[in-house]
Amino acid sequence: MPEPTTSIYGGQAVIEGVMFGGRNVNVTAVRRKNDEIAYYEVPASRKKPWYQPLKKVPFVRGVIGILESSARGSQHLNFSMEAYAEDNEEKDEASDADSAKPKPEKKEGWSLAMVFGVAVAGVISFILGKVVFTAVPAIVEDLLFQGRFGNIVIHNLLEGAIKILFLLAYLYLLSLTPMIKRLFQYHGAEHKVITAYEHGDELTVENVQRRTRLHYRCGSSFIIFSVLVGVIVYSFFTWDTLWERVYIRLLLLPVVLGVSYEVLRFTNSLREVPVLRFLGYPGLWLQLLTTKEPTDDQVAVSIASFKRMRELEQQVNEPQPAGAAV
């Protein structure tokens with residue numbers, strides 16, 4: 001049996017495809033309506049940004065990495081959405097042969113301003129989502145249980161339970177829509193490819209399909225850890241009013257994200273230890289909702305994306321990435 005590999009890569013499911021990121025390049029592969037696979041390749045900046053040293057600082061690196069991933073992922077998601085929309089436009093045009101309207105001009109590539117704009121929008125969307133997900137459960141818990149318990153830990157536990165219920169309901173309802181279900185299938189395909197690679201398997205559809213769709217180093221695991229870590233962190237702070245409760249949580253949000261990232265790294269490092277691997281189980285359980293078993297065609301797209309990313313990484317001939325969420 002081949003020896004497990006040591007390089008660690010991260011990825012993200014997109015509309016009808018998968019993105020994989022390396023140290024030097026990020027690659028998205030999507031399957032078009034004509035069954036061809038289209039690629040979107042974005043080289044990493046050769047200039048180290050000002051925040052690069054912060055990515056080596058524990059508890060700070062998590063926040064930087066999350067914001068960076070949000071910016072990067074939004075670009076690739078936008079590419080896949082444009083490709084999907086273009087395929088559907090072409091389908092509509094083909095079915096309307098009598099239409100006299102001229103075809104709209106297609107955009108040729110992305111300008112730097114467009115890429116930057118999408119990246120900023122992705123970061124803003126992530127921040128707004130975390131603000132809402134942090135504030136609303138605190139407000140709901142206060143409205144339902146205000147003054148009923150004198151122990152602040154009980155209130156925090158109830159708040160955490162409400163967060164988890166909101167999260168599970170939201171993900172379940174999303175998974176009922178056909179497009180999101182396919183997105184979750186590609187998420188599963190991404191995990192399978194990374195797991196097969198980490199175990200030294202030859203990346204064929206048959207080999208990849210034998211691997212599990214659940215992975216310890218997943219963004220879904222990070223979400224559930226942020227809820228659990230929040231319960232502990234918030235217990236060190238008291239409040240007198242609902243407003244104080246909400247703004248304390250918002251101020252502590254970077255702390256919760258930073259600690260949650262370290263917890264994710266820690267549980268991933270213990271996944272091969274029989275007695276301690278259960279620490280990562282909450283994240284794996286959530287992935288039962290955020291991933292679905294992929295088809296062979298979806299796995300083939302994921303393999304194509306990963307191989308293209310690896311090919312471009314090897315062309316640069318630089319060290320592989322130190323770590324990323326999958």
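Residue numbers start at 1 and run along the sequence shown.
- Residues Glu16 and Arg32 are not paired through a salt bridge, judged by the lack of any N-O separation under 4.0 Å between the basic side chain and the carboxylate.
- Ring geometry for Phe20 versus Phe306: interplanar angle over 60°, hence perpendicular rather than tilted (30 to 60°).
- Looking only at distances, no side-chain donor or acceptor of Asp201 sits under 3.5 Å from a matching main-chain atom of Leu203.
- Note that CG of Leu183 and OG1 of Thr291 are 11.0 Å apart. Values are rounded to the nearest 0.5 Å.
- Without hydrogens or angle criteria, Gln209 side chain to Pro294 main chain gives a donor-acceptor distance under 3.5 Å.
- Between Cys218 and His215, the closest heavy-atom pair is CB-O, 3.4 Å.
- At least one side-chain heavy atom of Ile15 sits less than 4.5 Å from a side-chain heavy atom of Met179.
- A perpendicular orientation is assigned to the rings of Tyr281 and Phe278, their planes being inclined by more than 60° (bins at 30° and 60°).
- When side chains are defined from C-beta on, Ile152 counts as touching Trp239, because their heavy atoms get closer than 4.5 Å.
- In this structure the side chain of Phe225 reaches within 4.5 angstrom of the side chain of Thr267, judged on heavy atoms.
- Lys192 contributes no side-chain N or O that, together with a main-chain N or O of Thr212, makes up a donor-acceptor pair within less than 3.5 Å.
- Residues Glu313 and Arg23 are not paired through a salt bridge, judged by the lack of any N-O separation under 4.0 Å between the basic side chain and the carboxylate.
- With hydrogens and angles disregarded, a donor-acceptor distance shorter than 3.5 Å links the side chain of Gln185 to the backbone of Glu293.
- Annotation: side chain to side chain contact (heavy atoms under 4.5 Å, CB included) contacts of Leu250 (sequence neighbours excluded): Val131, Thr134, Val246.
- Judged by distance alone, with hydrogens and angles left aside, the side-chain atoms of Ser260 form no donor-acceptor pair with the main-chain N or O of Phe222 at under 3.5 Å.
- Note on Glu190 versus Arg213: no salt bridge recorded, every NZ/NE/NH1/NH2 to OD/OE distance being 4.0 Å or above.
- Put simply, the side chain of Thr28 never gets that close to the backbone of Ser80: no donor and acceptor are under 3.5 Å apart.
- With hydrogens and angles disregarded, no donor-acceptor distance shorter than 3.5 Å links the side chain of Glu159 to the backbone of His155.
- In this structure, Arg310 and Tyr197 have side chains that are in contact, with non-hydrogen atoms separated by less than 4.5 Å.
- Between Glu198 and Arg217 there is a salt bridge, since at least one side-chain N of the basic residue sits less than 4.0 Å from a carboxylate O of the acidic one.
- Val229 has its side chain within reach of Val263: a pair of non-hydrogen atoms, C-beta onward, lies under 4.5 Å apart.
- Residue Phe266 places its CZ atom among 12 or fewer non-hydrogen atoms of other residues, nucleotides or ligands, all under 6.0 Å distant.
- Rounded to the nearest 0.5 Å, atoms CD (Gln314) and CG (Asn24) are 11.5 Å apart.
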Glu86/Lys33 under salt bridge (charged side-chain N to carboxylate O under 4.0 Å, His left out): CA gap, chis, key distance, verdict: CA-CA 10 Å; Glu86 184 179 302; Lys33 288 291 185 181; over 6 Å; no
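- By the side chain to side chain contact (heavy atoms under 4.5 Å, CB included) test, Glu206 pairs with Thr204, Arg210, sequence neighbours left out.
- With hydrogens and angles disregarded, a donor-acceptor distance shorter than 3.5 Å links the side chain of Ser74 to the backbone of Ser70.
- Listed by chain and residue number, nothing satisfies the ring pair (Phe, Tyr, Trp, His ring centres under 6.0 Å) test with Phe237 (two or more places apart in sequence, or in another chain).
- Counting heavy atoms from C-beta on, the side chains of Val27 and Tyr40 never come closer than 4.5 Å.
- Looking at residues two or more places apart in sequence or on another chain, you find a side chain to side chain contact (heavy atoms under 4.5 Å, CB included) between Pro58 and Arg61, Glu262.
- Formation of a donor-acceptor pair under 3.5 Å by the Gln298 side chain with backbone atoms of Thr295 is found in this model.
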For a quick test of your reading: what N or O donor-acceptor pairs under 3.5 Å do the side chains of residues 163-174 make, sequence neighbours left out?
none

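- At a cut-off of 3.5 Å, with distance as the only test, no side-chain donor of Gln287 or His187 sits close to an acceptor on the other residue.
- Looking only at distances, a side-chain donor or acceptor of Ser235 sits under 3.5 Å from a matching main-chain atom of Val231.
- Looking at residues two or more places apart in sequence or on another chain, you find a side chain to side chain contact (heavy atoms under 4.5 Å, CB included) between Asp35 and Arg31.
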